[in-house]
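A quick write-up on the structure given underneath.
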Amino acid sequence: MRKEIVINFAAKYSNVVIQLILNAILARLLSPKEYGIIAIISVFLVFFNMLGDMGIAPAIIQYKELSKKDISNIFKFTVAIAVALALLFACFSVLVSKTYDNELYKSIGPLLSISVLFSVLSIVPNGILLRKKKFKIIGITTLVANFLSGIAAVILACANFGVYALIWNSILLAILNFIILFYYSKIKIYRGFTITSIETIRSYSFYQFLFNFINYFTRNLDNLLIGRFLGQTPLGYYDKSYKLMLYPVQNLTFVISPILQPILSDYQNNREKIYEYYIKIVKVLSLLGVFITAVAFFTAEDLINILFGSQWNKSIISFKVLSLSIGLQIVLSSIGAIFQATNNTKYLFQSGIFSFISFTTLGLLGILIGKTIEWVSFSLSIGFLINFIQSYYMLIKKVFRKNFFSFLKHFIKPIIIQVFLFLFFYLFKVHSGNYFIDLIIKFLCALIVYMFLLFLTGEIKYARYVLKRNI
């Protein structure tokens, strides 16, 4: 597994650097209100893409017996779904326009329907490449597509296209992803169509789809509520802080998570083997998570001013509060692949229902009681903690049939390291007057303290052992 992680790591982090640079440029060319407008329509864009997914990609990975003709039938099915959803999204934008009292959505909705079309068309090609463990191709595809679409967005923003620069970024990204993935997946299209191929994966993909459906609202309700009750400008600030918080979550765990199911599904009848692998992964992720959490929290002002400029300073407190959940999310983001690899998408769905209820309740409390993006951020951070506990309780007790408290003992040393890192940052003050210099000093000092704590707790030996053993 180590080779696959290294390949994914190189591609992912090259992409992270490119995205950070492009976003830093766009944040200085576009206003928080323009980002708020896109944040609202993006919520619905993700929803329609999720509807098109229907759990098909994970099912293609899991069902090794699917033939080339089955793949052809499934792809044809997604083509029909893609066209239908694209047309529906174009019409739906009228409702969005009325709900948020902005005529702009009537024109950008039909444009973004192109993104919906090609995003759904990419599902089967992406699933095939994951099934074949072609992680290098997928990584390079993402890198190239993000770079080219990002450059186009910057050019359009410089030409005063405003919000349309972000619209075309989404469209070009979807089109480029599809073209490259379809070419390398080498899907052979057979004549005719039979529903049997869909029925083969129906049970597995059904619960995966239900989880995706529930998880969508869990992850996006905050944007909908803030946009509706607090306005588009506060949403712009919140969206920027939330996405910045997600960078380490997505670009660390998503180096590992996409390869977990394709590799561990080979052991789907040997859960002890999967558990043995996964405990090692959880331990490494938790050790990385505590460091990133501390650095993100105490360098929030530096990061936002360096990346986005002083016009985004109202995002700082929100980002600091959200960053407290980074460690939890880094570990938690890997759990879905384990439910998938063990053929337990039903339990994944049940876990998703509980998460939806807790996040919805806490999000509403943050909006209605606090009435600020900082209160919403605080509520969601508590939600991530609750979600972490219930999700792992279900995985450990229901799927692996292990003792939950024995599992939690793996987090004792990472928590101790986290406490001492926060204590260090609290006592260590840096104010040179230059955000970039402050960031570098804080990071390097924190890294030294972190490495010392790893040696002191003996965790450095464990990390080295895991990496040498190829996880």
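No experiment lies behind these values; they were computed from the predicted model shown. What's counted below: heavy atoms across the whole structure, side chains too, no hydrogens, waters or symmetry copies.
The pair K243-D239 counts as a salt bridge, with a side-chain nitrogen and a carboxylate oxygen less than 4.0 angstrom apart.
Checking side-chain atoms of S323 against main-chain N and O of K320 turns up a donor-acceptor pair under 3.5 Å. Looking only at distances, a side-chain donor or acceptor of Q418 sits under 3.5 Å from a matching main-chain atom of V290. S107 places a side-chain N or O within 3.5 Å of a backbone atom of L104 that can act as its donor or acceptor partner. S379 places a side-chain N or O within donor-acceptor distance of the main-chain N or O of L362, the cut-off being under 3.5 Å. Side-chain N or O atoms of S119 include none that pairs as donor or acceptor with a backbone N or O of V116 at under 3.5 Å. Formation of a donor-acceptor pair under 3.5 Å by the S170 side chain with backbone atoms of I167 is not found in this model. Judged by distance alone, with hydrogens and angles left aside, the side-chain atoms of S351 form no donor-acceptor pair with the main-chain N or O of Y347 at under 3.5 Å. At least one donor-acceptor pair under 3.5 Å links the side chain of N177 to the backbone N or O of L173. Using a distance-only test at 3.5 Å, with no hydrogens or angles considered, a donor-acceptor pair links the side chain of S358 to the main chain of F354. A donor-acceptor pair is defined here as one N or O able to donate and one able to accept, closer than 3.5 Å; such a pair exists between the side chain of N305 and the backbone of E301.
Side-chain contact between Q329 and L246 is present, with at least one heavy-atom pair separated by less than 4.5 Å. Side-chain contact between V144 and L148 is present, with at least one heavy-atom pair separated by less than 4.5 Å. For the pair I60 and F75, the minimum side-chain heavy-atom distance is 4.5 Å or more.
Counted within 6.0 Å of CZ on F161, heavy atoms from surrounding residues, nucleotides or ligands total 12 or fewer; the atom is thus considered open. Within 6.0 Å of the NZ atom in K442, the count of heavy atoms belonging to other residues, nucleotides or ligands exceeds 12. For F424, the CZ atom is densely surrounded, since the number of other residues' heavy atoms within 6.0 Å is greater than 12. Shown here is I306, whose CD1 atom has more than 12 heavy atoms of other residues, nucleotides or ligands within 6.0 Å. At most 12 non-hydrogen atoms from other residues, nucleotides or ligands lie less than 6.0 angstrom from CZ of F378. Residue F428 qualifies as enclosed at atom CZ: its count of foreign heavy atoms under 6.0 Å is above 12.
Nearest heavy-atom pair, V124 versus T78, reported as atom, atom and distance to 0.1 Å: CG2-CG2, 3.7 Å. The two residues S286 and P414 come nearest to each other via the heavy atoms OG-CG, 3.5 Å.
With 3.5 Å as the limit, one finds a donor-acceptor pair spanning the side chains of Y278 and S334. At a cut-off of 3.5 Å, with distance as the only test, a side-chain donor of N387 or S391 sits close to an acceptor on the other residue. Neither side chain, S315 nor S241, offers a donor N or O lying under 3.5 Å from an acceptor on the other. Counted by atom type alone, N73 and T194 present one or more donor-acceptor pairs between their side chains at under 3.5 Å.
The line from CG of L117 to CD1 of I171 is 11.0 Å long, rounded to the nearest 0.5 Å. The distance from atom OG1 of T299 to atom CG of L303, rounded to the nearest 0.5 Å, is 4.0 Å. Residue F388 holds its CZ atom at 13.0 Å from CZ of F384, rounded to the nearest 0.5 Å. Between I128 atom CD1 and I138 atom CD1 the span is 10.5 Å, to the nearest 0.5 Å.
A cation-pi contact, defined as under 6.0 Å to the ring centre and within 45° of the axis, is absent between K76 and F193. The cationic group of K240 does not satisfy the cation-pi geometry with Y238, failing either the under 6.0 Å distance to the six-membered ring centre or the 45° limit from the ring axis.
Taking the six-membered ring for Trp and the full ring otherwise, the centers of F425 and F297 sit at least 6.0 Å from each other. Taking the six-membered ring for Trp and the full ring otherwise, F319 and F308 have centroids separated by 6.0 Å or more.
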